[in-house]
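Only one structure is covered here, and it is reproduced in the block below.
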Amino acid sequence: MELDLSSEDAAFRDEVRAFIAENYPPEMRVPNPETDLTKEQSLLWHRILYKKGWIAPLWPKEYGGPGWSVTQRFIFEQETSRAGTLPPLAFSITMVGPVIYTFGNDGQKQKFLPRILSGDDWWCQGYSEPGSGSDLASVRTKAVRDGDHYIVNGHKTWTTLAQHADWIFCLVRTDPAAKPQAGISFLLIDMNSPGVTVRPIITIDGSHEVNDVFLEDVRVPVENLIGEENKGWTYAKFLLGNERTSMAGIGRSTRYLGRLKQIVRTEIGEDDPSFGEFIREIARVELDVLALEATELRIVAQMSRGIDPGPAASLFKIRGTEIFQRITDLTHQAIGNYALAIREHPVSANRFMPGPDYGHTATEKYLNSRKLSIYGGSNEIQRNIIAKAVLGL
């Protein structure tokens, strides 16, 4: 989608491009930055953006946002995604930060928001549990009031990058007698608290990205409760709306499509009988990306006027994740046998990898992208939301 930019917005776009080119740390340009970088390396770009004042494009200016227009926000997201920069940690900037400045009290805003912006606090998300993935209303982690504290016991799972986290925001059950959605609270827990244990889950691609988090008699100050007790479901839905909207991934898909086209030209060539079919499949995906981009721009404009994304967030989640999965699938097919190699972890392991460099992570990307249609509320659940909220079924 081509925007007819004003001269001011075109100048802003050029400024963003130049800033990325001049300031993005070269040590962050690794095959899979989510798992190949240390915690400190992951925060390099975050801190550069923070110093520039660009770390939280969607935040209100009063809380540390840059005060950009909707078009400027869109330009920034597109330019950073297409340049392949590692985005700031979503759990901090996109998820818990907006919950705190929207529903938190003044003390919580003063305590947490500056450290989220600076990167001094790394957050993770405590939603999913064994048996409570997309059905978040069935969470069983309990928080029992004991004077000025809650005593928390439970088990969170698939907790992304919890091995680095300073804090975790959790859905906990504070009223077991209430209806499932009505008895949940939103609690902020210090990961250094006694009773918090993090255990790695090694995924099918061999990487350590997700974890189990065990909470055993963890004492959490009542002052870390967001909003009202037993109203956590409201805050959780607000957070998931932001998360799902960000899953459209237009810039990422555009960048990987360009890479796929180059691979097809190199590995297959126009004389190969399968070349035409690959080109047709790429064209279909590219049209899907353009359609989703147009929808994203419309919804972002609505959000800037205070309109909740509602079911549109579910649409972004479904289409954005399916598109990227299809791109990784086509990439894997185009590379052929050389795509079957899987890197050892840690990535510094000394092992020869045959074939072109772009084949070394093809299987890793393909396998890792399978999770996209599951986390953040599975795509099947999102279709149910659309069926109910939009179609009235």
inquiry  = side-chain contact (heavy atoms from CB on, under 4.5 Å), that's the test. Do W59 and L113 meet it? Break it down for me.
reply    = CA-CA 11 Å; W59 286 30; L113 295 182; 3.8 Å; yes
Nearest heavy-atom neighbours spanning [X] and [Y]:
X	Y	answer
I116	S92	CG2-O, 3.5 Å
T174	S185	OG1-OG, 2.7 Å
T328	S369	OG1-OG, 3.1 Å
I20	A83	CG2-CB, 3.8 Å
Y256	I327	CB-CG2, 3.7 Å
W123	A165	C-CB, 4.3 Å

Are the side chains of [Y] and [X] in contact, using a 4.5 Å heavy-atom criterion?
X	Y	value
P180	W233	no
V16	F19	no
Q108	N105	yes
L49	T80	no
E281	R326	yes
V139	K156	yes
Y24	L44	no
R47	K51	no

Does [X] use its side chain to pair, donor to acceptor, with the backbone of [Y] at less than 3.5 Å?
X	Y	result
K61	G67	no
K317	S378	no
H46	L117	yes
E277	S274	no
S118	D120	yes
N368	E364	no
T361	K365	no
R140	K142	no
D175	G183	no
S6	D9	yes

task = For the pair K237 and Q181, evaluate side-chain contact (heavy atoms from CB on, under 4.5 Å) and give the outcome as yes or no after the intermediate values.
result = CA-CA 11 Å; K237 289 192 297 181; Q181 288 90 340; over 6 Å; no
key: Joint hydrophobic cluster, V289 plus L315, side-chain heavy atoms closer than 4.5 Å   = no
query = Do the side chains of L43 and F91 join up, straight or via other hydrophobic residues, at under 4.5 Å, putting them in one cluster?
reply = yes
To the closest 0.5 Å, what do you measure between [atom1] ([X]) and [atom2] ([Y])?
X	Y	atom1	atom2	answer
L239	I226	CG	CD1	11.0 Å
I263	Q333	CD1	CD	12.5 Å
Q163	H208	CD	NE2	3.5 Å
E267	L260	CD	CG	11.5 Å
E77	W68	CD	CH2	11.5 Å
I323	R252	CD1	CZ	10.5 Å

Parallel, tilted or perpendicular, judged at 30° and 60°: which one describes the rings of [X] and [Y]?
X	Y	value
F76	W54	perpendicular
F186	F169	parallel
Y235	F103	tilted
F214	H155	parallel

inquiry  = side-chain contact (heavy atoms from CB on, under 4.5 Å), that's the test. Do T234 and F238 meet it? Break it down for me.
reply    = CA-CA 6 Å; T234 299; F238 171 86; 5.9 Å; no
Using 4.0 Å as the upper bound for N to carboxylate O, is an ion pair formed by [Y] and [X]?
X	Y	value
D166	K39	yes
E293	R82	yes
E129	R173	no

ask   = Does a donor on one side chain sit under 3.5 Å from an acceptor on the other, for N211 and T159?
value = no
ask   = Under 3.5 Å, is there a donor-acceptor pair linking the side chains of Q262 and T266?
value = no
query = Residues in side-chain contact (heavy atoms from CB on, under 4.5 Å) with L393, at least two apart?
reply = A387, L391
Mark yes when over 12 heavy atoms from residues, nucleotides or ligands other than [X] sit less than 6.0 Å from its [atom1]; otherwise mark no.
X	atom1	answer
E27	CD	yes
K388	NZ	no
W158	CH2	no
K231	NZ	no

query = side-chain contact (heavy atoms from CB on, under 4.5 Å) between L161 and L89: does it pass, once the steps are laid out?
reply = CA-CA 10 Å; L161 301 177; L89 187 67; 4.2 Å; yes
ask   = Linking Ile, Leu, Val, Met, Phe, Trp and Tyr by side-chain heavy atoms under 4.5 Å, what else ends up with V222?
value = Y150, V152, I168, V172, L187, I189, M191, V196, V198, V213, L215, V218, V220, L225
ask   = Y366 ring centre to R370 NZ or CZ under 6.0 Å, with the angle to the axis within 45°?
value = yes
